[in-house]
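Keep in mind that what you see is a predicted model, and the values were worked out from it rather than measured.
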Number of protein chains: 2
Amino acid sequence: MSAAEFHLSKAEIVELLRRHRISPTQQRVEIAQIVLSKPQHLSADEVLALAHERGSRVSKATVYNTMGLFARVGLVREVIVDPTKVFYDSNVSEHHHFYNVDTGELMDIPAGAVELGTLPDLPKGTQAAGVDVIIRVRSQ
Amino acid sequence: MSAAEFHLSKAEIVELLRRHRISPTQQRVEIAQIVLSKPQHLSADEVLALAHERGSRVSKATVYNTMGLFARVGLVREVIVDPTKVFYDSNVSEHHHFYNVDTGELMDIPAGAVELGTLPDLPKGTQAAGVDVIIRVRSQ
DNA sequence: CTGCTTGCAAAGGCTTTGCAGAACA
DNA sequence: TGTTCTGCAAAGCCTTTGCAAGCAG
């Protein structure tokens with residue numbers, strides 16, 4: 001997906017959801033507006049907090065359902081770096097991450113800054129589903 | 001650490017723990033014997049189950065404390081690929097992983113099969129703490 | 001209408017913690 | 001003996017689920 005997905009009007013969000021065969025309910029549209037507004041890394045709790053700040057009346061269960069749905073259709077990407085919570089990344093183009101284990105901060109690695117040669121042979125009977133590179137850093 | 005760390009006698013385990021400034025209590029020695037017996041990926045629950053199979057009377061709390069301690073001193077490595085549980089890898093030499101999202105199986109990627117060029121510039125004020133490469137695969 | 005969604009609260013699963021008793025040095 | 005460790009149960013967190021009421025098409 002390109003950066004054109006960012007800064008979307010409500011109508012564009014509705015269209016985007018429809019293209020992904022997601023029925024554009026009010027909650028889903030509001031969550032999409034928050035999450036897809038710019039490249040960012042948000043936990044479910046942060047999405048909920050942002051929604052409430054905006055005045056949306058969305059429940060925690062719906063945030064989880066919706067983020068799971070968005071991840072399944074490729075609107076966001078789950079980033080698993082911290083055993084205590086999942087991050088959702090609104091940038092679904094191929095890129096990798098720095099994770100500061102002291103602050104819990106997740107940052108993008110500039111595209112092209114990590115070269116990954118050809119993939120190794122996959123285990124028999126499997127197909128690739130994604131490659132994650134996480135560089136853990138510590139505040140010094 | 002080399003493969004020489006595997007197949008250790010009780011005395012060797014005690015010595016290994018002492019070298020890492022870990023007081024070799026009975027439970028820690030038993031857990032180390034299980035975990036460090038060979039290259040493997042175990043969850044805390046699996047360590048506990050193996051300990052009980054062996055007849056050790058170790059509690060869940062002690063398994064968590066001990067695995068956390070071992071990870072902190074570098075006797076094992078935490079592998080975070082699944083938001084529902086942490087894996088402990090007894091192979092602490094540099095290598096990466098395949099993770100089968102369908103089966104939950106974690107496998108080593110043969111050493112050298114993934115080429116990672118030079119690391120990108122780290123965020124200001126941080127130092128590298130580790131690099132994880134996870135290739136997610138699906139059963140086909 | 002008819003099924004999909006939502007929200008609430010409760011349940012679930014993994015991990016941590018508090019504290020008394022036990023083991024280590 | 002003083003400190004560190006262990007075990008149990010309870011608590012904590014994030015996430016999922018059950019089910020009745022509410023919306024979408």
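Look at CZ on B:F70: it is 12 Å from P on D:dC5, rounded to the nearest Å. Spacing between atom CG of B:L48 and atom P of D:dC8 amounts to 10 Å, rounded to whole angstrom units. Taking atom CG on A:L69 and atom P on D:dT16, their separation rounds to 13 Å, with Å as the unit. Here D:dC8 presents its P atom at 11 Å from CZ of B:R57, a figure rounded to the nearest Å. If you measure from atom CG of A:L17 to atom P of D:dG25, you get 11 Å, rounded to the nearest angstrom.
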Checklist entry - How does protein contact run along nucleotides 14-25 of chain C, one letter per nucleotide 5' to 3', with B for base contact, S for sugar-phosphate only, - for none, heavy atoms under 4.0 Å? => result SBBB------SS
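Residue pairs meeting the ring pair (Phe, Tyr, Trp, His ring centres under 6.0 Å) criterion with at least one member in residues 66-89 of chain A: none, sequence neighbours excluded. Among residue pairs with one or both ends in residues 23-43 of chain B, those qualifying as ring pair (Phe, Tyr, Trp, His ring centres under 6.0 Å) are B:H41-B:H97; sequence neighbours excluded.
Looking at residues two or more places apart in sequence or on another chain, you find a side chain to side chain contact (heavy atoms under 4.5 Å, CB included) between B:Y64 and B:A44, B:K60. Under the side-chain hydrogen bond (donor to acceptor under 3.5 Å, both in side chains) criterion, A:D82 pairs with A:T84, A:Y99, sequence neighbours left out. A search for side-chain hydrogen bond (donor to acceptor under 3.5 Å, both in side chains) contacts involving A:T25 returns nothing, not counting sequence neighbours.
A donor-acceptor contact closer than 3.5 angstrom links the side chains of A:N100 and A:S139.
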Can you give the donor-acceptor pairs under 3.5 Å from side chains of residues 112-121 of chain B to other protein atoms, not counting sequence neighbours?
none

Taking distance alone, no hydrogens or angles, what donor-acceptor pairs closer than 3.5 Å link side-chain atoms of residues 46-57 of chain A to residues at least two apart or in another chain?
residue: A:E46; atom: OE1; partner: A:S43; partner atom: N; Å: 2.8
residue: A:E46; atom: OE1; partner: A:S43; partner atom: OG; Å: 3.4
residue: A:H52; atom: NE2; partner: A:V58; partner atom: O; Å: 2.9
residue: A:S56; atom: OG; partner: A:E30; partner atom: OE1; Å: 3.1
residue: A:R57; atom: NH1; partner: A:G55; partner atom: O; Å: 3.0

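At the phosphate of D:dC5, OP1 or OP2 sits under 4.0 Å from a side-chain N or O atom of B:R28. Here B:T62 reaches the OP1 or OP2 of D:dG7: one of its side-chain N or O atoms lies under 4.0 Å away.
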Checklist outcome for this item: Secondary structure of DNA chain C per the Watson-Crick/G-U criterion (both distances under 3.5 Å; [ ] crossing, | other strand, . unpaired) is |||||||||||||||||||||||||
